[in-house]
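Below is one structure, written out as structure tokens; the observations come after it.
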There are 2 protein chains.
Amino acid sequence: MALRRTRKKTADKSAYHHGDLRQALLDASLALIAEEGFGALSLREVARRAGVTHAAPYRHFADKEALLVAVAEEGFRAMTSRMKEEMAREQSPIDRLGACGVAYVLFAVEHAAHFRVMFGPHFTRPLKSLDEDADAFALLVGALAEAQRAGEVRDGDTSRQALACWSLVHGLASLLVDGQLTPEAVAGGVAALARTQTLLLLRGLARPPVD
Amino acid sequence: MALRRTRKKTADKSAYHHGDLRQALLDASLALIAEEGFGALSLREVARRAGVTHAAPYRHFADKEALLVAVAEEGFRAMTSRMKEEMAREQSPIDRLGACGVAYVLFAVEHAAHFRVMFGPHFTRPLKSLDEDADAFALLVGALAEAQRAGEVRDGDTSRQALACWSLVHGLASLLVDGQLTPEAVAGGVAALARTQTLLLLRGLARPPVD
DNA sequence: CCTACCGATCGGTAGG
DNA sequence: CCTACCGATCGGTAGG
């Protein structure tokens, strides 16, 4: 009888030996979404993957939405820091702008599950107090203002310019994550693709009147 | 007793008096997604809304995914025809290009449920034989080639240019549909916003070297 | 297109 | 953090 009382799943749990169930649940959620799709996400399955009973998650999250909010927050934080990293490598304002966009697309593709939670229509509440979100956009607006001052970007409403940048990279990221692009389009790699597309926006498609 | 045998829901069903349950199920799916979100979509609830038993839909769709494929097909058809309509109104190639993008965004916002099904990660199969999908992209590539010939758009790979256009309008549409934009950004109306953003891509953000 | 039924999963809570 | 339980919903099928 005593033998049967030996703790099971010690190996699994040891990864979270600090008792950080909360983080284990976030990780399990992402793995589940990545493997089975968003529709497969349930608190019970997440608990199962984390090696606890299905009642345990309620100690950390009030409900499913609260868990998703935490996942989204984690995602926005990671994405913003990724963008900052890549931008810090560049010297000129316009290169920082490009790096910012490439980082956005790369993050989305490399963390598709995070990306889906961050931007999916999952939340009933505005998800307002997420400073990380505004942060990323503010980062972009700042880079544009800097580029304008340096004479590398046209004068104009930086908010509207930022929205164009955001739309382009968000659209490209979404199409990639949702598998809408042909293999040929992605053949050269995501980074190169993102760079090319960003440059098309910076340069513009219209032929300059002065031929 | 005979009184109790009177047909119920005759009024509801009369809208589909031709017995077009298939279409009724598609409509019910869209209404359900629009009202309750994608997560609320179940074959049983769709059947309920269409006024039939939950076993009836299987006469028309093998499973949930088959229903969604049909919804997506309907969406791609409607979107492509909307784009063609709006483009037909314009005289110059570059205006047709702009109209094409504005139509894309307007369709997405006005038919958010369709848009979500069309581009969501819901299908296990590639959804290949959807000519409508390719059609819309071909429409865009054609408009770009035409604009290049007219000297209104820079020479270059029309596929890459088309991807930039698609990314921008798809990103803007996604951000709008998923409620990521502030009310101020949308204050002037979706059509005006889409037009402005499209023009930013055509014109480019980078300052022309000749100041 | 319906009735009746299957096994399975879910969110959530009581009580410890 | 667990056991045990609740009501509810689901996808799918048999058989008519």
Side-chain angles (χ1 to χ4, degrees), chain A residues 1 4-29 32-33 35-71 122-125, chain B residues 1 4-29 32-33 35-71 122-125:
Chain A
M1 290 270 249
R4 308 212 146 207
R5 287 286 290 131
T6 48
R7 272 182 283 172
K8 291 171 293 188
K9 294 174 186 158
T10 298
D12 294 338
K13 283 186 166 182
S14 67
Y16 302 98
H17 56 285
H18 292 119
D20 196 351
L21 176 58
R22 187 191 144 92
Q23 187 60 47
L25 293 169
L26 296 182
D27 295 350
S29 301
L32 178 55
I33 293 170
E35 289 168 28
E36 314 278 347
F38 197 90
L41 187 95
S42 73
L43 269 181
R44 291 175 101 103
E45 178 62 28
V46 167
R48 226 168 273 138
R49 286 187 174 231
V52 293
T53 310
H54 74 267
Y58 291 94
R59 297 275 301 172
H60 298 272
F61 302 103
D63 53 24
K64 196 172 168 178
E65 180 161 348
L67 195 169
L68 285 178
V69 168
V71 171
H122 312 299
F123 307 113
T124 55
R125 275 292 157 200
Chain B
M1 292 270 249
R4 308 213 147 205
R5 286 287 290 132
T6 49
R7 274 182 281 173
K8 292 170 295 187
K9 294 176 187 158
T10 299
D12 294 338
K13 283 188 165 180
S14 66
Y16 303 99
H17 55 286
H18 292 116
D20 195 353
L21 175 59
R22 186 190 145 92
Q23 187 61 46
L25 293 168
L26 296 182
D27 295 348
S29 301
L32 177 56
I33 294 170
E35 289 168 28
E36 315 278 347
F38 197 90
L41 187 94
S42 73
L43 269 181
R44 291 175 100 104
E45 179 61 27
V46 167
R48 228 167 273 139
R49 287 189 172 229
V52 293
T53 310
H54 74 268
Y58 291 94
R59 296 277 298 172
H60 298 273
F61 303 103
D63 53 22
K64 197 172 169 177
E65 180 161 347
L67 195 169
L68 285 177
V69 168
V71 170
H122 312 299
F123 306 113
T124 55
R125 276 289 156 200

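Values reported hereafter were calculated over all heavy atoms of this structure, with side chains retained and with hydrogens, waters and symmetry mates removed. The chains referred to below are lettered A, B, ... by the order of the sequence lines, with proteins before strands, and numbering in each begins at 1.
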Indicate the atoms forming the closest heavy-atom contact of [X] with [Y], along with that distance.
{"X": "B/Val46", "Y": "B/Ala28", "result": "O-CB, 3.8 Å"}
{"X": "A/Leu68", "Y": "A/Leu41", "result": "CD2-CD2, 3.8 Å"}
{"X": "A/Leu43", "Y": "A/Asp63", "result": "CD1-C, 4.0 Å"}
{"X": "B/Ser42", "Y": "B/Leu32", "result": "N-CD2, 4.1 Å"}
{"X": "B/Ala47", "Y": "B/Leu25", "result": "CA-CD2, 4.3 Å"}

Rounded to whole Å, how long is the line connecting atom [atom1] of [X] with atom [atom2] of [N]?
{"X": "B/Leu67", "N": "D/dG12", "atom1": "CG", "atom2": "P", "result": "11 Å"}
{"X": "B/Phe61", "N": "D/dG11", "atom1": "CZ", "atom2": "P", "result": "14 Å"}
{"X": "A/Asp63", "N": "C/dG11", "atom1": "CG", "atom2": "P", "result": "10 Å"}
{"X": "A/Leu32", "N": "C/dT9", "atom1": "CG", "atom2": "P", "result": "14 Å"}
{"X": "B/Arg49", "N": "D/dT9", "atom1": "CZ", "atom2": "C1'", "result": "15 Å"}
{"X": "B/Asp20", "N": "C/dC1", "atom1": "CG", "atom2": "P", "result": "9 Å"}
{"X": "A/Arg48", "N": "D/dC2", "atom1": "CZ", "atom2": "P", "result": "13 Å"}

Checking contacts here: which listed nucleotide (C/dC10, D/dG12, C/dG12) is nearest the side-chain heavy atoms of A/Leu43?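 Comparing C/dC10, D/dG12, C/dG12 against the side chain of A/Leu43, the answer is C/dG12.
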
Could I get a table of every N or O pair under 3.5 Å where one atom is in the protein and the other is in nucleotides 3-8 of chain D?
residue: D/dA4; atom: N6; partner: A/His54; partner atom: NE2; Å: 3.3

Could you list the donor-acceptor pairs under 3.5 angstrom formed by side chains in residues 54-62 of chain B, with sequence neighbours left out?
residue: B/His54; atom: NE2; partner: B/Arg44; partner atom: NH2; Å: 3.3

Side-chain heavy atoms of B/Leu67 within contact of B/Leu26, under 4.5 Å: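 In contact.
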
[N] OP1/OP2 closer than 4.0 Å to side-chain N/O of [X]:
{"X": "A/Ser42", "N": "C/dC10", "answer": "yes"}
{"X": "A/Arg59", "N": "C/dT13", "answer": "no"}
{"X": "B/Tyr58", "N": "D/dG12", "answer": "yes"}

Return the set of residues passing ring-ring contact (aromatic ring centres under 6.0 Å, His included) with B/Phe38 (not counting sequence neighbours), or none when no residue passes.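 B/Phe38 satisfies ring-ring contact (aromatic ring centres under 6.0 Å, His included) with B/His122 once adjacent residues are dropped.
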
Paired and unpaired positions of DNA chain C as dot-bracket, Watson-Crick or G-U wobble under 3.5 Å, | denoting a partner strand: ||||||||||||||||

